[in-house]
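Take a look at the structure set out below.
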Number of protein chains: 2
Amino acid sequence: MPRQGLSKESVVQAAVDLIEEKGVSQFSMGKLAQRLKIKPASLYNHVESIDKLMKLVKEEAIYQLVQLENQAIAGKKKNEALFALAEAYRSFARNHYQLYQVIMAFPKENDLVLKQEAGEIISPFLKVLADYGLTENQQFHWQRVLRAMMSGFAFHEQAGGFSYFPIDQDESFYIAMQCIANGLCQTGGEKR
Amino acid sequence: MPRQGLSKESVVQAAVDLIEEKGVSQFSMGKLAQRLKIKPASLYNHVESIDKLMKLVKEEAIYQLVQLENQAIAGKKKNEALFALAEAYRSFARNHYQLYQVIMAFPKENDLVLKQEAGEIISPFLKVLADYGLTENQQFHWQRVLRAMMSGFAFHEQAGGFSYFPIDQDESFYIAMQCIANGLCQTGGEKR
DNA sequence: ATGATAAAACTAATACTATTAGTTTGTCAA
DNA sequence: TTGACAAACTAATAGTATTAGTTTTATCAT
């Protein structure tokens, strides 16, 4: 095996680093090659295309997010778990917004690997919802409600959509989550 | 004034049409020029750059969305207005997803025109919230909650993020909006 | 009708983007 | 030492936005 040093994994890692540093919109094969001190064409010895590369970056990003989510809810129940999950999600979107964008922006393929990762993304939500005494169907619906609220909030917060009024965004987020928590307790409590 | 026919407005309109037909990701100055039967360079007689052009497309898209929102809530109050607004928003995101994407994806500039449009986007939400007996601050917070939920839902619904479980998306949306409606009534009713 | 004017088209060029084909080179194993 | 193979290379294509400079032509004033 000739000329060691570079592998598929190290290329993906370099892509992740570059995206986190300069932003996903600034990423290109040329800049990645420059950072790795090779010519752009040489990248194709390690990855098939920029799309496949971004898919790998997305998988890494999803892995990191799911990791944080599962850590956050470990050993917690009901509202404590719910708010911890929400905070972990929001933190990731804030601290790694470029990676978060990769997760959200790049197409959901009918790919088996990503189908499994979709399951991993949803899993922490279902774990949290399991404690509220919902039917299975209700869990599925509320999982959507929860994810919609969180991703919508993360998006607007980062894209500047919430800067029209100079009021605290933490408080808005708390109100949003409390609203959902109330809905959950009500739905679960009444057992309909 | 020489060679009539093409103007800034008609270029923007052609761009809107092309984006709605082929998708924003497929849009380019070359394809727009091809459709208008001119060379790409000639477009720069009418628009400064592709960024400025997309800004104009975004303004048009925002205008259409705000129009629909205001129509939807006209003459309605409280939950009736809330659900009508939500439905109008969701319909636009479904029926004109490419234009919706332009609104969401392109950067919020510190531009006066877009600052005004941000106000127009927020305005229908504030109108609806005005009937719930909230304080001004509460209105600002709930406006964010509402927009986060709606945009998060629209995004996942279109991007395929809600197709993991084969359950009705309308029902999920109804649950989400009912959750917010309950939160609003509760907050407003208690008058704290 | 004629000619000047200026807008709107054009051509040609630059600098990016991803990607492929074909070639060289370096390293490891036999 | 030699053969093989992986990983780099060079060179080329086709697409992207954009600028500079040139030509065309519609309209307006003479």
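Order of the sequence lines fixes the chain letters, A, B, ..., with proteins taken first and strands second; residue numbering starts at 1 for each chain. Predicted model, so just to flag it, every value in this text is computed and none were measured.
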Checklist line | Electrostatic pair B:R35-B:E21, nearest N-O below 4.0 angstrom | finding: yes

Between atom [atom1] in [X] and atom [atom2] in [N], what is the gap in whole Å?
{"X": "B:L53", "N": "D:dT18", "atom1": "CG", "atom2": "P", "answer": "9 Å"}
{"X": "A:L6", "N": "D:dA6", "atom1": "CG", "atom2": "C1'", "answer": "12 Å"}
{"X": "B:L32", "N": "D:dT16", "atom1": "CG", "atom2": "C1'", "answer": "14 Å"}
{"X": "B:L36", "N": "C:dA9", "atom1": "CG", "atom2": "C1'", "answer": "13 Å"}
{"X": "A:Y44", "N": "C:dA21", "atom1": "OH", "atom2": "P", "answer": "13 Å"}
{"X": "B:K37", "N": "C:dC10", "atom1": "NZ", "atom2": "P", "answer": "12 Å"}
{"X": "A:Q26", "N": "C:dC16", "atom1": "CD", "atom2": "C1'", "answer": "12 Å"}
{"X": "A:M29", "N": "D:dA14", "atom1": "CE", "atom2": "P", "answer": "20 Å"}

Of the candidates D:dT10, C:dT17, C:dA9, the side chain of A:K31 sits closest to C:dT17

Quick note, B:S28 side chain, CB onward, closest among C:dC10, D:dT16, D:dC9 is D:dT16

What nucleic acid atoms does A:S42 come within less than 4.0 Å of, heavy atoms only: base, sugar-phosphate, or nothing? base

Report the C-alpha separation of A:Y174 and A:F83 in whole Å, then their side-chain angles, then the decisive distance to 0.1 Å, and conclude whether the ring pair (Phe, Tyr, Trp, His ring centres under 6.0 Å) test is met. CA-CA 9 Å; A:Y174 179 79; A:F83 280 86; 5.7 Å; yes

On a heavy-atom basis, the closest approach of B:G152 and A:S151 is CA-OG, 4.1 Å

Do A:F140 and B:F173 sit in one hydrophobic cluster, given that two such residues count as connected whenever their side-chain heavy atoms are within less than 4.5 Å of each other, even indirectly? no

Using a cut-off of less than 4.0 Å, is there contact between a side-chain N or O of B:H46 and OP1 or OP2 of C:dA7? no

**OP:** Return yes if the base of C:dA7 and the side-chain atoms of B:N45 contain a donor-acceptor N/O pair under 3.5 Å, otherwise no.
**Re:** no

